[in-house]
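For reference, positions follow the sequence shown, starting with 1. These numbers were taken from a predicted model, which means no experiment stands behind them. Counting starts at 1 for both ligands and their atoms, following the listed order.
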Amino acid sequence: MYSEKVIDHFSNPRNVGEIENPSGVGTVGNAKCGDIMRIYLDIDEQEVIRGCKFKTFGCGAAIATSSMATELVIGKTVQEAMEVTNQAVMEALDGLPPVKVHCSLLAEEAIHAALWDYSQKNHVLIEGLEEPKNELT
Ligand code: FES
């Protein structure tokens with residue numbers, strides 16, 4: 001039921017941990033299952049994401065999507081990172097079972113929350129980015 005890529009990223013997640021003094025950090029939760037995801041971003045002067053780490057207290061699909069999402073945003077500009085949608089993360093993982101699609105939304109929301117934090121602190125406009133609705137503090 002899970003693709004090999006999902007199993008790989010779940011068993012061997014990339015970029016787990018924290019970034020000290022992050023450029024942006026976002027924490028979101030899923031009200032239904034109670035799972036929580038936090039994303040840290042390290043962004044350089046050119047607005048390129050040079051580091052991204054995550055901590056996820058959640059299911060296997062949430063861990064696999066967080067791991068893949070961090071890999072997809074590293075090296076992108078903050079604007080390009082907006083293209084890392086839950087759809088893009090799922091495609092990169094060769095799909096998720098339908099009941100697990102909501103888990104991939106957490107990764108997109110956590111990235112957006114971290115980008116929002118960065119944009120507010122640095123007065124940077126990121127097109128299409130909205131204030132996160134389910135951010136946890
Ligand atoms: Fe909660 Fe997957 S079941 S994020």
Residue pair D94 / S3, side-chain donor-acceptor N/O under 3.5 Å: no
Are the side chain of Q79 and the backbone of E127 linked by a donor-acceptor contact shorter than 3.5 Å? yes
Counting only protein N, O or S atoms and ignoring waters, those under 2.8 Å from atom 2 (Fe) of ligand 1 are C59 SG, C103 SG
Could you grab the distance from atom CD of E109 to atom CG of N86, nearest 0.5 Å is fine? 8.5 Å
Donor-acceptor check, side chain of S67 to backbone of I63, threshold 3.5 angstrom: yes or no? no
Pairing residues for E80 by the salt bridge (charged side-chain N to carboxylate O under 4.0 Å, His left out) criterion, not counting sequence neighbours: none
Would you find a donor on one side and an acceptor on the other, under 3.5 Å apart, between the side chain of N122 and the backbone of Y118? yes
